Amino acid sequence: MATAQLTASSIKVPARSLTSFDGLRPSSVKFASVGGAPSQRSFRRLVVKAATVVAPKYTSIKPLGDRVLVKIKTVEEKTDGGILLPSTAQTKPQAGEVVAVGEGKTVGKAKLDISVKPGTQVIYSKYAGTELEFNGANHLILREDDVVGILETDEIKDLKPLNDRVFIKVAEAEETTAGGLLLTEASKEKPSIGMVIAVGPGPLDEEGNRKPLSIAPGNTVMYSKYAGNDFKGSDGTNYIALRASEVMAVLS
């Protein structure tokens, strides 16, 4: 069977097609050798750095509009038992400290300030925003609406949800089938029922006023199966934060 070898000479990129940006250092890219032993003409292993790097000559970042700049909490490198985690097993952080905020936004005729202030510890949506490396630390710039809630303690159970978010304690998964067979962890169905712990102040209407949620703490609710952001408390309890629109029913 014929084989093909990819070498540096087989790919040509005009210099004028490479755009440079003042203040942003491009991430290093390396390629792995293909089709034989490494040589000066073969590519090295590919390494891509996702975060945009802000050059040291810039000493501050001022978010605009309803955006918020958050300094990301450091990823845990060890388990509670002291076992060192490889990078692939480290949980991507969803928490950080607000370091700067924009001037707010206008809804209807109302001018609304950002609801979180610098110094506040927050939880944000898992895939929200743009990552930045600034002053040697990882940051995230995101919209205020992507901030799930405020953490006033180190316990996720004390999360104070914002806007139209609902914070729910997830019901325990069934341990056995209807016929009495013991289920393994892998075969347990992910529950979509839980008890509401806290709710946000509600969404904004067209005039910039808050519209209170119809869901209240203490309600047992059913929610969309793959909605929201999952969290685990220090005692192993599972929680989920989602939008009120993702709650399908109140059970009684």
Side-chain angles (χ1 to χ4, degrees), residues 18-30 46-79 84-106 111-165 167 200 204 228-234 239-243:
L18 300 177
T19 305
S20 62
F21 296 88
D22 183 31
L24 302 181
R25 300 202 303 271
S27 303
S28 59
V29 179
K30 300 179 180 180
L46 176 64
V47 178
V48 178
K49 197 170 187 179
T52 299
V53 180
V54 180
K57 67 178 182 178
Y58 297 106
T59 58
S60 67
I61 297 176
K62 171 61 178 175
L64 298 178
D66 63 343
R67 290 178 175 84
V68 177
L69 180 66
V70 175
K71 183 177 180 182
I72 300 174
K73 181 181 178 182
T74 306
V75 178
E76 295 292 338
E77 295 185 351
K78 291 184 179 181
T79 65
L84 188 66
L85 294 172
S87 59
T88 54
Q90 292 173 3
T91 302
K92 181 180 179 180
Q94 285 180 253
E97 179 183 343
V98 176
V99 294
V101 300
E103 66 274 15
K105 62 182 178 180
T106 300
K111 180 70 168 63
L112 303 176
D113 294 331
I114 301 293
S115 60
V116 293
K117 306 300 180 186
T120 305
Q121 300 294 321
V122 296
I123 298 291
Y124 48 83
S125 297
K126 193 168 188 178
Y127 301 107
T130 299
E131 290 191 20
L132 307 171
E133 185 178 317
F134 176 62
N135 282 345
N138 291 327
H139 292 71
L140 190 71
I141 188 165
L142 67 164
R143 293 190 179 279
E144 180 191 16
D145 190 56
D146 290 321
V147 178
V148 175
I150 296 173
L151 265 185
E152 297 178 341
T153 72
D154 291 333
E155 292 288 343
I156 189 64
K157 65 181 178 65
D158 297 323
L159 179 71
K160 180 182 177 182
L162 297 177
N163 301 317
D164 62 340
R165 294 309 203 292
F167 189 53
L204 295 169
N229 293 268
D230 298 308
F231 303 98
K232 187 179 287 291
S234 58
Y239 299 90
I240 187 169
L242 38 75
R243 295 187 184 275

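Source: prediction; values computed, not measured.
With sequence neighbours excluded, the residues satisfying ring-ring contact (aromatic ring centres under 6.0 Å, His included) with Y239 are F167. By the side chain to side chain donor-acceptor pair (under 3.5 Å) test, K117 pairs with no residue at all, sequence neighbours left out. Taking N163 as the reference, R210 meet the side chain to side chain donor-acceptor pair (under 3.5 Å) condition, with sequence neighbours excluded. The side chain to side chain donor-acceptor pair (under 3.5 Å) search around S115 returns E144, not counting sequence neighbours.
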Q: For the pair I123 and L159, evaluate side chain to side chain contact (heavy atoms under 4.5 Å, CB included) and give the outcome as yes or no after the intermediate values.
A: CA-CA 8 Å; I123 298 291; L159 179 71; 3.8 Å; yes

Q: Just do the side chain to side chain contact (heavy atoms under 4.5 Å, CB included) check on Y124 and I72 with the steps written out, would you?
A: CA-CA 10 Å; Y124 48 83; I72 300 174; 3.6 Å; yes

Q: Applying side chain to side chain contact (heavy atoms under 4.5 Å, CB included), run through K105 and K111 and close with a yes or a no.
A: CA-CA 6 Å; K105 62 182 178 180; K111 180 70 168 63; over 6 Å; no

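Listed by first and then second residue, the salt bridge (Lys or Arg N to Asp or Glu O under 4.0 Å) pairs that reach into residues 145-161 are D145-R243, sequence neighbours excluded. Residue pairs meeting the ring-ring contact (aromatic ring centres under 6.0 Å, His included) criterion with at least one member in residues 137-157, sequence neighbours excluded: F134-H139.
Counting only N and O atoms by type, the side chains of N138 and E131 include no donor and acceptor under 3.5 Å apart.
With a 4.5 Å cut-off on side-chain heavy atoms, L140 and L132 do not count as touching. In this structure, F231 and I240 have side chains that are not in contact, with every pair of non-hydrogen atoms separated by 4.5 Å or more. A 4.5 Å side-chain heavy-atom check between V148 and L162 finds every atom pair outside the cut-off.
The side chain to side chain contact (heavy atoms under 4.5 Å, CB included) with V98 is formed by just one residue from the set V116, I150, V147; it is V116.
In this structure, the separation between OH on Y127 and CG on N229 is 9.0 Å, given to the nearest 0.5 Å.
Minimum interatomic distance between R165 and S125 (heavy atoms only, all atoms of both residues): NH2-OG, 3.4 Å. The two residues E97 and G119 make their nearest non-hydrogen contact at OE2-CA, 3.6 Å.
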Which pairs would a plain distance check flag for residues 59-68, meaning a side-chain donor or acceptor within less than 3.5 Å of a matching protein atom at least two apart in sequence or in another chain?
residue	atom	partner	partner atom	Å
K62	NZ	V101	O	2.9
D66	OD1	R143	NH1	2.7

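Panel note: side chain E133, backbone T52; no donor-acceptor pair is recorded below 3.5 Å.
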